Amino acid sequence: MTVTTRSRKAAAKPEVVSSSASSTTSSSQETEAIEYPDIKTIRDAIPDHCFRPRVWISMSYFVRDFAMAFGLGYLAWQYIPMIASTPLRYGAWALYGYLQGLICTGIWILAHECGHGAFSRHVWFNNVMGWIGHSFLLVPFFSWKFSHHRHHRYTGHMEKDMAFVPATEADRNARTRTLANLYMDKETAEMFEDVPIVQLVKLLAHQLAGWQMYLLFNASAGKASKQWETGKGASGWLRVSHFEPTSAVFRDSEAIYIALSDLGLIIMGYILYQAAQVVGWPMVGLLYFQQYFWVHHWLVAITYLHHTHEEVHHFDADSWTFVKGALATVDRDFGFIGKHLFHNIIDHHVVHHLFPRIPFYYAEEATNSIRPMLGPLYHRDDRSFMGQLWHSFTTCKFVVPDPKVPGALIWAHTVQGTQ
């Protein structure tokens, strides 16, 4: 089931997008008035206890997930090499990588909770546990924390959002050779962009390299998302890394924390090096680096589908507000895995964007508390998660102004489909 908002209003104290009756495409179309509740009205609908994290609950999940990860790793190390059949042994390693990726994605999400202050009420404890959890996964905790906070602060903002800001028609017309179009020139890219095998290769590149491109080059961030402007060429794209303390992504006051993030990566790298001296790099690759790519496949897919849906808007700088941006987020369904391993990050993400300090174990209750108020402003799509990844990636190419909602941008194929 998909819930959309383009032609209906939500009840509550209004924040009016537009109430004019004009048309940007034809005299028969009218612009739509969409009223948004203010943030306090939404906050008041949620029980107070949902805003109070419990350390013992958070830690129980933290310990559980690490125990599962190390337990599964130990079993794989001890028993998979003993499988005599080569095909069965390879299959067992592949299955291990998939399962370990699910478990370690849960660890990633718990460290994400720490970054938002939803793990406990103590800043220092959140920082320590988040640094441990993310360093274990070779994620620069503080670097991600600061840029991710800005993603939350400016979700849906076409210039300042930090993640998956869509291309505009002008961007599309001016596109150059990049990984996103497999380094093809503009004419070749347009000729082959709808060929299924080309789309599949692009999607694989998106899933396997998207996270690294974000960390290294601030890929998919808005043009005004940096703290200061870099130069062009190599001197420019080298200065937007999440690993450099003086990067344009961060404020000067954050430099020491970026260095601490790098220290965590160095320590984890040393641990992996020492492990390789004992069991060999091939075994470390099977035990550790399989899950690394699975984890960041899930991270990219989850974030992309939270903010990419054919019925959900982005907003220009003059029309954007925090509430509009936060509600331009989509909850989806991922069944048992989403609820028990991914800690509800897929199923109840809208409320997380409104109030990121709500712990994941209260997210379902908080979501159910605000859904009646939000009405059609709340987005949920329960269709196949992986099916929608393919559908969104192959159809949501660039955004254009929504002729019915001034200041909002919608995916071009959505507008074309309504004309």
Side-chain angles (χ1 to χ4, degrees), residues 53 58 107-165 210-232 234-270 295-296 299-300 303 307 317 320 322 325-326 345 352-358:
S58 300
I107 294 174
W108 204 108
I109 293 164
L110 292 177
H112 161 270
E113 292 275 297
C114 295
H116 281 296
F119 194 80
S120 81
R121 302 187 200 184
H122 310 290
V123 174
W124 70 268
F125 190 69
N126 291 330
N127 286 339
V128 169
M129 300 309 297
W131 183 81
I132 291 172
H134 269 174
S135 296
F136 171 71
L137 300 170
L138 290 179
V139 175
F141 173 68
F142 291 105
S143 308
W144 160 84
K145 173 182 174 179
F146 294 138
S147 65
H148 188 67
H149 277 196
R150 284 162 201 144
H151 160 59
H152 271 257
R153 175 66 182 84
Y154 294 108
T155 302
H157 194 298
M158 283 295 296
E159 297 178 12
K160 294 184 177 182
D161 196 354
M162 291 291 296
F164 292 114
V165 176
W211 170 246
Q212 292 76 18
M213 297 296 287
Y214 174 70
L215 291 182
L216 288 170
F217 310 122
N218 205 33
S220 86
K223 296 176 181 178
S225 64
K226 298 186 292 293
Q227 301 303 303
W228 49 272
E229 287 302 318
T230 61
K232 295 183 178 180
S235 62
W237 57 260
L238 285 174
R239 298 305 309 278
V240 292
S241 165
H242 277 65
F243 305 105
E244 184 192 353
T246 61
S247 168
V249 175
F250 308 111
R251 302 184 180 97
D252 291 343
S253 60
E254 295 166 344
I256 183 63
Y257 296 99
I258 310 310
L260 286 173
S261 299
D262 295 342
L263 176 62
L265 303 184
I266 292 170
I267 292 172
M268 188 60 202
Y270 180 74
V295 166
H296 294 106
L299 170 66
V300 170
T303 309
H307 304 293
W320 176 90
F322 174 81
I345 199 171
H352 171 71
H353 263 272
L354 288 164
F355 306 103
R357 288 181 179 271
I358 293 179

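Fair warning: this is a prediction, and the values are worked out from it, not measured in the lab. Side chains included, hydrogens not; waters and symmetry mates left out as well; all remaining heavy atoms used.
Across W108 and V139, no two heavy atoms sit closer than the pair NE1-CG2, 3.3 Å.
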Show which side-chain atoms of residues 258-270 pair as donor or acceptor with protein atoms under 3.5 Å away, not counting sequence neighbours.
from	atom 1	to	atom 2	distance (Å)
S261	OG	F142	N	2.9
S261	OG	S143	N	3.3
S261	OG	Y257	O	3.1
Y270	OH	Q274	NE2	3.1

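When the side-chain contact (heavy atoms from CB on, under 4.5 Å) test is applied to V165, the partners found at least two apart in sequence or on another chain are M158, D161. Taking the side-chain contact (heavy atoms from CB on, under 4.5 Å) definition, one finds that K160 meets it with Y154, H157, A224, sequence neighbours left out. Residues passing the side-chain contact (heavy atoms from CB on, under 4.5 Å) test with R153, sequence neighbours excluded: W320. When the side chain to side chain donor-acceptor pair (under 3.5 Å) test is applied to W211, the partners found at least two apart in sequence or on another chain are H296. Residues forming a side chain to side chain donor-acceptor pair (under 3.5 Å) with S120 (at least two apart in sequence, or on another chain): N126. Contacts of S247 classified as side-chain contact (heavy atoms from CB on, under 4.5 Å), with partners at least two apart in sequence or in another chain: E244, V249, F250. Every residue meeting the side chain to side chain donor-acceptor pair (under 3.5 Å) condition with Q212, not counting sequence neighbours, appears here in chain and number order: Y292. With sequence neighbours excluded, the residues satisfying side chain to side chain donor-acceptor pair (under 3.5 Å) with H152 are H116, H148, H352.
Every pair passing salt bridge (Lys or Arg N to Asp or Glu O under 4.0 Å) that includes a residue from residues 214-223 is listed here, sequence neighbours excluded: D171-K223.
In this structure, P53 and R121 have side chains that are in contact, with non-hydrogen atoms separated by less than 4.5 Å. Annotation: side chain of K145 is not in contact with side chain of E254 (no heavy-atom distance under 4.5 Å). Considering only heavy atoms from C-beta on, F164 comes within 4.5 Å of V300 through its side chain.
In this structure, OG1 in T246 is found 16.0 Å from CZ in R251, a value given to the nearest 0.5 Å. To the nearest 0.5 Å, atom CE of residue M129 and atom CH2 of residue W124 are 9.5 Å apart. Between the NE2 atom in H307 and the NE2 atom in H151 there is a gap of 3.0 Å [rounded to 0.5 Å]. Taking SG of C114 as the reference point, atom CZ of F141 lies at 6.0 Å (rounded to 0.5 Å). Between L110 atom CG and F119 atom CZ the span is 6.5 Å, to the nearest 0.5 Å. M162 CE to T155 OG1: the interatomic distance, rounded to the nearest 0.5 Å, is 11.5 Å.
Looking only at distances, no side-chain donor or acceptor of S135 sits under 3.5 Å from a matching main-chain atom of I132. Checked by atom type and distance alone, the side chain of H242 never pairs as donor or acceptor with a backbone atom of L216 at under 3.5 Å.
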